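Quick caveat: nothing in here was measured; it's all calculated off a predicted structure. Below, chains carry the letters A, B, ... as their sequence lines are ordered, and counting in each starts from 1.
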Amino acid sequence: MELKRYLKKHFKFEEFRPGQEETIESVLKGKHTISMLPTGTGKSLCYQLPGYLVDGPVLIVSPLLSLMQDQVEQMMAMGEKRVIALNSFLSPQQKAKALEELERFRFIFISPEMLGIESVLNRIRKVSVSLFVVDEAHCISQWGYDFRPDYLKLGEFREKLGQPLTLALTATASKEVRKDIAEKLHLGDWNEVVYSVDRPAISLALEFASTFQDKLDRTVELVKYLKGPGIIYFSSKKVAEQTAVHMREKGIKNAMAYHGGLDSESRVLIQQQFINGQLDVVCATSAFGMGINKENVRYVIHFHMPMQIESYLQEIGRAARDGRDSIAILIYSPGDEQLAYQLAEGELPDQYQIERLFAFIIDNQIVYKDLADRAEELSIICGFTEIQWRIVEDYLSNLEALDYKIDKQSLLQLIENRLEVKNTKIKKMLGWVHTKECKRKVILEMFGEELQERPRNCCISCGIDIDHYKETEPSSEQSLAAVDWKQELASILLMRERI
DNA sequence: CGGTTAGCCGCTAGCGGCTAACCGGTGCGCTAGT
C-alpha cells in the first residue's frame, strides 16, 4: 500500500508489474535479493524506487556503456538529476569532477572494469553505498570466467565497499547460474524472486537444412513470408553481412547487418532504425540485443545455433514483448555445432601456446612477478589473443597466494576444465535441438520449472500452424514518413553528449 | 565442420578449376599517435 504511493509519486504508475513489488519489499527488508523477472517487466524500477527510500546512493553495475547511457537519459527525462554514469564516455576531466562531487548523486552507474580501478573503488567507498545493484547479472556466469574477468571480482569489490545490501537482476538464469551469481557476489544468505522464463506467446520452431545454400534460401523465404519485423542471429559477422546484402538483392529492402565489428555510429544508427520501425530485419550477431526495447518483434530466426540455451532464450526473448503471438525458428544443418565448438576453443589458449610461454619464461629467466608487466611482449611471442592472455594473466595473478609456485600442468588443467564447461553447454543446446519431446517442456526443465499449460502453437514437437505468423497486410510502419537518418543520428549523439 | 580465398597449374594469353590454408562472438578502459 505504502509502496504504491511512492510508485505514483515518483513514476506516475498506478500498479506494479509482476515481481516488482516483491523484489522491492525484499530489498527494503534488508535482504540480498536475486530477482529473475521476464524481459520487459521494468527491472530498473526495482532499484530506482528503493533509491528514494534509502539513505546512501545506489550503485548500479551495468554491462554495456550504451545501456548505462540509456538509463541515465531516461532518468534525466523523468526529472532525476542526481544520476551519473561513471565510464569512459567521460573525459578525464569530467571523470575527476564527477568523482570529486560524488556525494551529489543518488544513482551511480558503473562498469565492472571501472569499479575495479582502485582509486575509483576507494572513492566510492567513502560515499557508503546503500544498495549495490548488478544489472543483467547472468553476465557474471556468462562472461566472468574469461571474457570479462572483472565480473568475477564483483564479490571482492563488494566486500571492499563494506558488503552493502545487494540486488542482482536478470531475465534468464538457471538455478545453477543463480547459485553462481550468489557465490561470486559473496552474498551468503539471499532471497530469490523468481518468475517463469516461459514466454507462451513465442512459438518454438525448428527446421533442418541439409546445406548452407538450402539454409540461406529458406531464411530468405521465411523473411519474405513471415510477419515482421524480425531478427536473424548468426555466429559469424561475415555471414551476417553477406546475408543482409543477399536479402537486399532478393528484394528485402530494409535489411541491415549488425555486429561488434561496426563502428559505433553505425551501431547506434541501425539499432535506432530498428526500434523506430524503419528496418524489416536485422542480420545480427550476439552483439545485438541487450537494451533493445522493441515491443513488436514478431520473429527471431537462428541461422546458427547459440552456444548455450541461456543465450538462445535471451535472443528469442526479444520477440513478443507486447505479448502478441510471435515465432522463434532455429534452422539447423548437420555439423553446425562445430562452429560453436570452434569458437569455444579459440578463446582459450592452446597447449602449444602454453608450451611457448613456459619455454620463454625459462629461457629468459623471467621472474613471475614481472610477467604481468611484460604482457604485450609475451602475447606477441606466444600468439595469445587479448582474451587468451587474460586467462593466463588471471591465473598468474592468483599465484602470489601460492608463493609463486607455478606449474604448467595446473594451468593446462584449468584451461581444460574451462573448455569442458563450455562444451557441456554446447552439448546441452544440441540435445535440445535433437529432442523429439516438447521443446518448451525441456527448456523449462533446464530452469527447474514444470510446464503448466501448453499454449497454442507451442513448439515443433507439439505442432505449429506456421500460417498463423504469415504477413497478411503491408506493414503500416513502413509507410511512415521517411526519416532523415543523418539528422536523426546527429540528434542521438547530441543527446548523449549532453549527459 | 564448412565457407572463403589465395595461389597455382594448365592450356594457350586471360580464365577455369583445383587444392591447401585460414577463419569463425560477446566489451570494457587506456594509450599512442594523428
Side-chain angles (χ1 to χ4, degrees), chain A residues 61-69 85-92 94-95 109-121 135-136 138-154 157 209-216 233-243 245-246 257-264 267 283-292 302-308 310-312 314-315 331-348 350 375-376 383 385-390 393-394 422-423 425-426 429-430:
Chain A
V61 177
S62 174
L64 298 182
L65 299 181
S66 62
L67 223 56
M68 289 187 226
Q69 298 302 115
L86 282 180
N87 59 38
S88 57
F89 279 8
L90 301 177
S91 67
Q94 286 174 315
K95 188 181 150 193
F109 289 83
I110 197 165
S111 65
E113 287 81 4
M114 184 69 91
L115 188 56
I117 297 171
E118 219 178 322
S119 59
V120 176
L121 189 65
D135 199 10
E136 308 287 357
H138 57 273
C139 292
I140 292 173
S141 254
Q142 216 165 322
W143 284 351
Y145 289 90
D146 25 51
F147 185 50
R148 291 177 68 179
D150 283 320
Y151 257 107
L152 234 48
K153 297 184 195 148
L154 285 179
F157 303 157
S210 47
T211 65
F212 182 85
Q213 191 59 47
D214 284 353
K215 194 194 269 193
L216 188 62
Y233 278 106
F234 297 82
S235 297
S236 154
K237 297 187 261 195
K238 211 189 214 166
V239 180
E241 290 255 5
Q242 285 167 349
T243 309
V245 171
H246 180 72
Y258 182 103
H259 54 74
L262 300 177
D263 59 70
S264 59
R267 289 180 66 160
C283 298
T285 62
S286 56
F288 191 68
M290 255 197 272
I292 293 193
H302 277 91
F303 193 93
H304 289 129
M305 186 187 90
M307 294 177 72
Q308 50 184 86
E310 278 96 345
S311 308
Y312 173 76
Q314 274 160 33
E315 286 162 7
I331 310 177
Y332 175 80
S333 302
D336 275 358
E337 63 277 13
Q338 292 306 327
L339 175 54
Y341 286 126
Q342 217 49 56
L343 286 171
E345 212 181 294
E347 77 183 331
L348 298 164
D350 62 28
E376 204 175 333
T385 63
E386 193 190 344
I387 294 160
Q388 288 172 332
W389 172 252
R390 216 172 284 154
E393 200 178 25
D394 190 51
K422 284 170 190 287
N423 285 348
K425 288 182 177 172
I426 296 171
M429 182 74 227
L430 193 60

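In this structure, A:Phe303 has its ring center closer than 6.0 angstrom to the ring center of A:Phe212.
Here, B:dC11 and B:dG16 have their C1' atoms 10 Å apart, quoted to the whole Å. Rounded to whole Å, the separation between the C1' atoms of B:dT26 and B:dC22 comes to 22 Å. Nucleotides B:dG24 and B:dG29 are separated by 25 Å at their P atoms, to the nearest Å. With both ends at atom C1', the span from B:dA6 to B:dT12 equals 23 Å, rounded to whole Å. Spacing of P atoms, B:dG25 relative to B:dT19, comes out at 28 Å, to the nearest Å. Comparing the same atom, P, in B:dG17 and in B:dA13 gives a spacing of 16 Å after rounding to whole Å.
At a threshold of 4.0 angstrom between heavy atoms, the contacts of A:Arg390 include nucleobase atoms, whether or not backbone atoms are also involved. Heavy atoms of A:Pro63 sit under 4.0 angstrom from primed sugar atoms or phosphate atoms, though from no base atom.
For the pair A:Asp214 CG and B:dG2 P, the computed distance is 13 Å after rounding to whole Å. Taking atom CD on A:Gln69 and atom P on B:dG27, their separation rounds to 15 Å, with Å as the unit. As a whole-Å value, the separation of A:Gln213 CD from B:dG3 P is 9 Å. Rounded to a whole Å, the CD atom of A:Glu136 is 17 Å from the P atom of B:dT26. Rounded to whole Å, the distance from CG on A:Asp336 to P on B:dC1 is 13 Å. In this entry the distance linking CG of A:Leu67 with C1' of B:dC28 reads 14 Å, nearest Å. For A:Gln308 and B:dT26, the CD to C1' distance is 11 Å, given to the nearest whole Å. Atom OH in A:Tyr258 sits about 11 Å away from atom C1' in B:dT26, given to the nearest Å.
Take A:Glu310 and apply the side chain to side chain donor-acceptor pair (under 3.5 Å) test, not counting sequence neighbours, and it matches A:Ser174, A:Gln308. Applying the salt bridge (charged side-chain N to carboxylate O under 4.0 Å, His left out) test to A:Arg148 and every residue at least two apart in sequence or in another chain returns A:Glu113. Residues forming a side chain to side chain donor-acceptor pair (under 3.5 Å) with A:Ser111 (at least two apart in sequence, or on another chain): none.
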Given protein heavy atoms under 4.0 Å, the one-letter contact record of nucleotides 29-34 of chain B, with B base, S sugar-phosphate only and - none, is simply SS----

Per-nt protein contacts along nucleotides 17-25 of chain B (heavy atom under 4.0 Å; B base, S backbone sugar-phosphate only, - none) come out as -------BB

Apply the test side chain to side chain contact (heavy atoms under 4.5 Å, CB included) to residues A:Asn87 and A:Gln69: give CA-CA distance (whole Å), side-chain angles for both, the deciding distance (0.1 Å), then the verdict.
-> CA-CA 10 Å; A:Asn87 59 38; A:Gln69 298 302 115; 3.3 Å; yes

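Between A:Leu152 and A:Ile140, the shortest heavy-atom distance links the atoms CD1-O, 3.8 Å. Nearest heavy atoms, A:Ser333 versus A:Thr211: OG-O, 4.1 Å. Smallest separation of non-hydrogen atoms from A:Ser62 and A:Pro112: O-CD, 3.7 Å. Listed here is the closest heavy atom pair of A:Leu90 and A:Ala85: CD1-O, 3.6 Å. Across all non-hydrogen atoms, the minimal contact from A:Ile426 to A:Ala344 is CD1-CB, 4.2 Å.
Counting only distance, with no hydrogens or angles, the side chain of A:Gln388 and the backbone of A:Glu347 share no donor-acceptor pair below 3.5 Å.
Between A:Arg148 and A:Gly335, the one whose closest nucleotide on DNA chain B sits nearer the 5' end is A:Gly335.
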Which dot-bracket string fits DNA chain B when only Watson-Crick or G-U wobble pairs with both atom distances under 3.5 Å count, crossing pairs get [ ], and | stands for a partner on a different strand?
-> ((((((((((....))))))))))..........

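Salt-bridge formation is not detected for the pair A:Lys237/A:Glu241: no Lys NZ or Arg NE/NH1/NH2 atom is positioned less than 4.0 Å from an Asp or Glu carboxylate oxygen.
Annotation: the span from A:Tyr258 atom OH to A:Tyr233 atom OH amounts to 9.5 Å, rounded to 0.5 Å.
In this structure, the aromatic ring of A:Trp143 is not positioned over the six-membered ring of the base of B:dT26 within 5.5 Å between centres and 30° between planes.
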